[in-house]
Amino acid sequence: MASSEDPIVRALQDYTTCDVSDALCKLGYPNGGFLSGLTMWSPLRQEGSTKIIGPAYIAKYAPLDDPAPKHPTHYIDQVPKGAVLFVSCPPKIPNAVYGGLMSTRAQALGAAGSIIDGRFRDVQEQRELAYPVFARDVGTAPPAELLKVVAVNVPVKLQTDEQDMQIRPGDYLIADINGVVVLPVELVEEALPLMQKQVEADTRMAAEIKKGMSFAEASKKFRS
């Protein structure tokens with residue numbers, strides 16, 4: 001879990017990614033901030049109570065023939081404490097862009113976890129670290145024959161044709177067994193009260209439904 005020194009992280013710890021998405025939908029944010037295709041691989045595969053929350057720290061990969069120069073230093077050595085590392089990889093790349101040593105360093109620096117918009121490798125090593133990794137898929141080969149890191153802490157697009165979603169440095173990333181959500185930093189103050197209100201309403205709804213009330217009636221009573 002991310003550093004509890006951040007009051008926003010502390011406030012978000014009470015909520016699931018679904019709660020965050022519900023609030024963002026009410027604010028008109030596309031897809032409730034959901035980032036499709038990214039799921040939990042470590043410490044377990046889509047199992048358990050792992051949840052990561054923190055401001056995004058971003059590394060952007062591009063093909064070797066991209067005109068942008070290779071980033072002069074290794075992004076992993078500058079991961080801020082409490083951050084969620086987001087690694088952006090071009091689509092349809094068979095090689096992994098993230099491995100066990102990256103998690104070893106990120107964990108040592110106090111990162112909350114890593115989200116890989118592409119493939120990662122060293123699954124067993126990641127799990128032995130008990131370090132949270134969310135990703136699109138796995139791979140075995142390293143990235144150097146195809147890709148280079150061209151930028152750190154710049155806005156990136158989610159690498160999918162399903163959505164047009166952007167992740168920016170400092171936006172809050174929340175990931176759990178339900179998936180990954182981006183919470184734009186400028187919407188945090190509006191979204192948090194909506195999360196609280198929704199969770200309280202749903203808790204009351206669940207209690208009444210268990211007693212026999214219909215969903216429609218409970219929804220009208222507690223959500224309207």
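Using a 4.5 Å cut-off between side-chain heavy atoms of Ile, Leu, Val, Met, Phe, Trp and Tyr, with links allowed through other members, Tyr172 and Val182 fall into the same hydrophobic cluster. One hydrophobic cluster, built from ILVMFWY side chains closer than 4.5 Å, holds both Leu147 and Val152. Linking Ile, Leu, Val, Met, Phe, Trp and Tyr whenever their side-chain heavy atoms come within less than 4.5 Å leaves Ile93 and Ile115 in two separate clusters. Using a 4.5 Å cut-off between side-chain heavy atoms of Ile, Leu, Val, Met, Phe, Trp and Tyr, with links allowed through other members, Tyr57 and Val9 fall into different hydrophobic clusters. The cluster map of Ile, Leu, Val, Met, Phe, Trp and Tyr, joined by side-chain heavy atoms under 4.5 Å apart, puts Phe34 and Leu173 in different clusters.
No side-chain N or O of Gln198 forms a donor-acceptor pair with one of Asp19 less than 3.5 Å apart. A donor and an acceptor atom, one from each side chain of Thr39 and Arg45, are located under 3.5 Å apart. Donor-acceptor pairing under 3.5 Å is lacking for the side chains of Tyr131 and Thr104. Asp176 and Thr17 are linked by a side-chain donor-acceptor pair at a separation below 3.5 angstrom, with hydrogens and angles left out of the test. Between the side chains of Gln159 and Lys92, no donor-acceptor pair of N or O atoms lies under 3.5 Å.
For the side-chain contact (heavy atoms from CB on, under 4.5 Å) test with Ile52, the passing option among Ile174, Val84, Val180 is Val84; the others fail.
One distance of note links SG of Cys89 with CD1 of Ile116; it measures 9.5 Å at 0.5 Å rounding. Here CE of Met102 is found 13.5 Å from CD of Gln107. Values are rounded to the nearest 0.5 Å. Expressed to the nearest 0.5 Å, how far CD of Glu217 lies from CD1 of Ile209 amounts to 10.0 Å. Atom CG of residue Leu194 and atom CG of residue Leu27 lie 5.0 Å apart, to the nearest 0.5 angstrom. Between Ile167 atom CD1 and Ser88 atom OG the span is 7.0 Å, to the nearest 0.5 Å.
For residues 195-209, the pairs satisfying salt bridge (Lys or Arg N to Asp or Glu O under 4.0 Å) are Asp202-Arg223, Glu208-Lys211, with sequence neighbours left out.
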Run the numbers on Val150 and Tyr61 for side chain to side chain contact (heavy atoms under 4.5 Å, CB included), then give the verdict. CA-CA 6 Å; Val150 296; Tyr61 275 88; over 6 Å; no
Starting from the C-alpha separation in whole Å, work towards a yes-or-no answer on side chain to side chain contact (heavy atoms under 4.5 Å, CB included) for Glu128 and Val123. CA-CA 9 Å; Glu128 288 172 356; Val123 178; over 6 Å; no
Just distance, no hydrogens or angles: give the donor-acceptor pairs under 3.5 Å from side chains in residues 185-193, sequence neighbours left out.
from	atom 1	to	atom 2	distance (Å)
Glu186	OE1	Arg168	NH2	2.6
Glu186	OE2	Arg168	NH2	3.2

Which atom pairs, one a donor and one an acceptor, fall under 3.5 Å between side chains of residues 63-75 and the rest of the protein, sequence neighbours left out?
from	atom 1	to	atom 2	distance (Å)
Asp66	OD1	Ala68	N	2.8
His74	ND1	Ile76	N	3.1

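Taking 4.5 Å as the limit, some side-chain heavy atom of Gln46 sits within range of a side-chain heavy atom of Ile177. Taking the side chain as every heavy atom from C-beta outward, Val156 and Met165 never approach each other to under 4.5 Å.
In terms of the side-chain hydrogen bond (donor to acceptor under 3.5 Å, both in side chains) criterion, residue partners of Asp77 (sequence neighbours excluded) are, by chain and number, Arg105. Legend: residues meeting salt bridge (Lys or Arg N to Asp or Glu O under 4.0 Å) with Arg136, ordered by chain and number and at least two apart, are Asp117. Residues satisfying the side chain to side chain contact (heavy atoms under 4.5 Å, CB included) test with Pro169, not counting sequence neighbours, are Ile58, Asn153, Pro155.
The closest donor-acceptor contact from the side chain of Arg127 to the backbone of Trp41 lies under 3.5 Å.
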